[in-house]
Amino acid sequence: MPELDAVLFDVDGTLVDSERHGHRIAFNRAFEDAGLPYRWDEDPYGELLKITGGKERLTYYLTGEGMARAEIERVVPALHERKNEVFLELVEAGRIPARPGAPELVDALEESGVTLAIVTTGSPEWVKPLVDRLYGLERFAVAITAEEAPNKKPDPSAYHTALERLGLDPGRAVAIEDSRQGLRAAKAAGLRCVVVPNDYTRHQDLDAADLLVDGFAALTAEKIKELAAS
Ligand code: XBP
Ligand code: MG
């Protein structure tokens with residue numbers, strides 16, 4: 001029996017480069033379309049990423065801007081829906097790229113018979129078309145999104161649900177993440193975790209990673225198997 005049964009992939013920031021020129025642009029369009037004066041520039045948006053989940057990020061930000069609770073509850077669902085619509089348009093226009101080297105790693109793992117899974121707390125309406133377009137959704141044995149796991153990372157419920165669906169012990173699976181919040185979720189579910197940070201997450205405290213690599217070019221299927229066997 002191989003010691004590595006499955007690799008569980010985060011989506012935002014890991015399989016895809018989706019925040020700076022993706023979700024951020026879509027949030028700004030949603031603000032504009034709603035006639036709201038807010039705009040998220042590239043650097044401040046990096047700070048806002050510490051709040052996982054689009055609705056949660058909007059709520060946190062608008063609270064900081066002094067918007068009344070009742071108004072926040074009224075505007076956030078509509079803003080988030082519009083953000084997701086615009087993001088989906090960006091996906092369909094081919095504007096959201098895979099992270100360099102990630103498709104090659106997915107191919108190599110698949111060829112060596114490892115089960116693949118998607119574990120994100122992003123919204124299913126954009127996660128599934130995006131993964132399908134860039135990787136092929138059918139290659140992933142399960143795809144957990146906010147639909148199955150509404151409590152956002154670092155809550156481990158998305159990983160718990162994936163492991164349960166796969167019928168797997170966490171000791172035989174490895175998670176691939178890009179951020180501290182994702183790393184915390186994976187570790188809380190008892191998984192080993194490889195972190196492949198990006199420009200937004202490189203400065204975060206990632207010390208709990210079992211393996212930290214600079215980019216997917218430095219991460220092979222063999223390295224993940226060695227980690228699972230260690
Ligand atoms: C990703 C997120 C998501 C996206 C927006 O974090 O925080 O909220 O920014 O997606 P992670 P939704 O990679 O740790 O899952 O608007 O669909 O929530
Ligand atoms: Mg991520």
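We count ligands from 1, going down the list as the structure has it; atoms in each ligand are counted the same way.
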Tell me whether [X] reaches ligand 1 (any heavy atom closer than 4.0 angstrom to a ligand atom).
X: Gly13; result: no
X: Lys55; result: no
X: Trp126; result: yes
X: Gln181; result: no
X: Arg57; result: yes

Presence of salt bridge, [Y] and [X], under 4.0 angstrom:
X: Arg139; Y: Asp107; value: yes
X: Arg29; Y: Glu32; value: no
X: Glu226; Y: Lys223; value: no
X: Asp178; Y: Arg99; value: no
X: Asp199; Y: Arg202; value: yes

Would you say Lys152 has any N or O atom under 3.5 Å from an N or O of ligand 1, going by distance alone?
no
Is the closest N or O pair between Phe27 and ligand 1 shorter than 3.5 Å?
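No.
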Please report which non-hydrogen protein atom sits nearest to [atom], along with the residue it belongs to and the distance in Å to one decimal place.
atom: atom 6 (O) of ligand 1; result: Thr52 CG2, 3.6 Å
atom: atom 15 (O) of ligand 1; result: Asp10 OD1, 3.5 Å
atom: atom 4 (C) of ligand 1; result: Asp12 OD2, 3.2 Å
atom: atom 17 (O) of ligand 1; result: Ser123 OG, 2.6 Å
atom: atom 18 (O) of ligand 1; result: Gly54 N, 2.7 Å

Is it true that atom NZ of Lys225 has more than 12 heavy atoms of other residues, nucleotides or ligands lying nearer than 6.0 Å?
yes
Quick one: which of Gly53, Pro154, Gly22, Ala26 has a heavy atom closest to atom 8 (O) of ligand 1?
Gly53
With the Mg ion (ligand 2) as the point of reference, which N/O/S atom of Asp178 is the closest?
OD1
Would you say the Mg ion (ligand 2) has Asp10 as a near neighbour, meaning an N/O/S atom of that residue under 2.8 Å away?
yes
Under 3.5 Å, is there a donor on one side chain and an acceptor on the other for Ser18 and Asp12?
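Yes, Asp12 and Ser18 have a side-chain donor paired with an acceptor closer than 3.5 Å.
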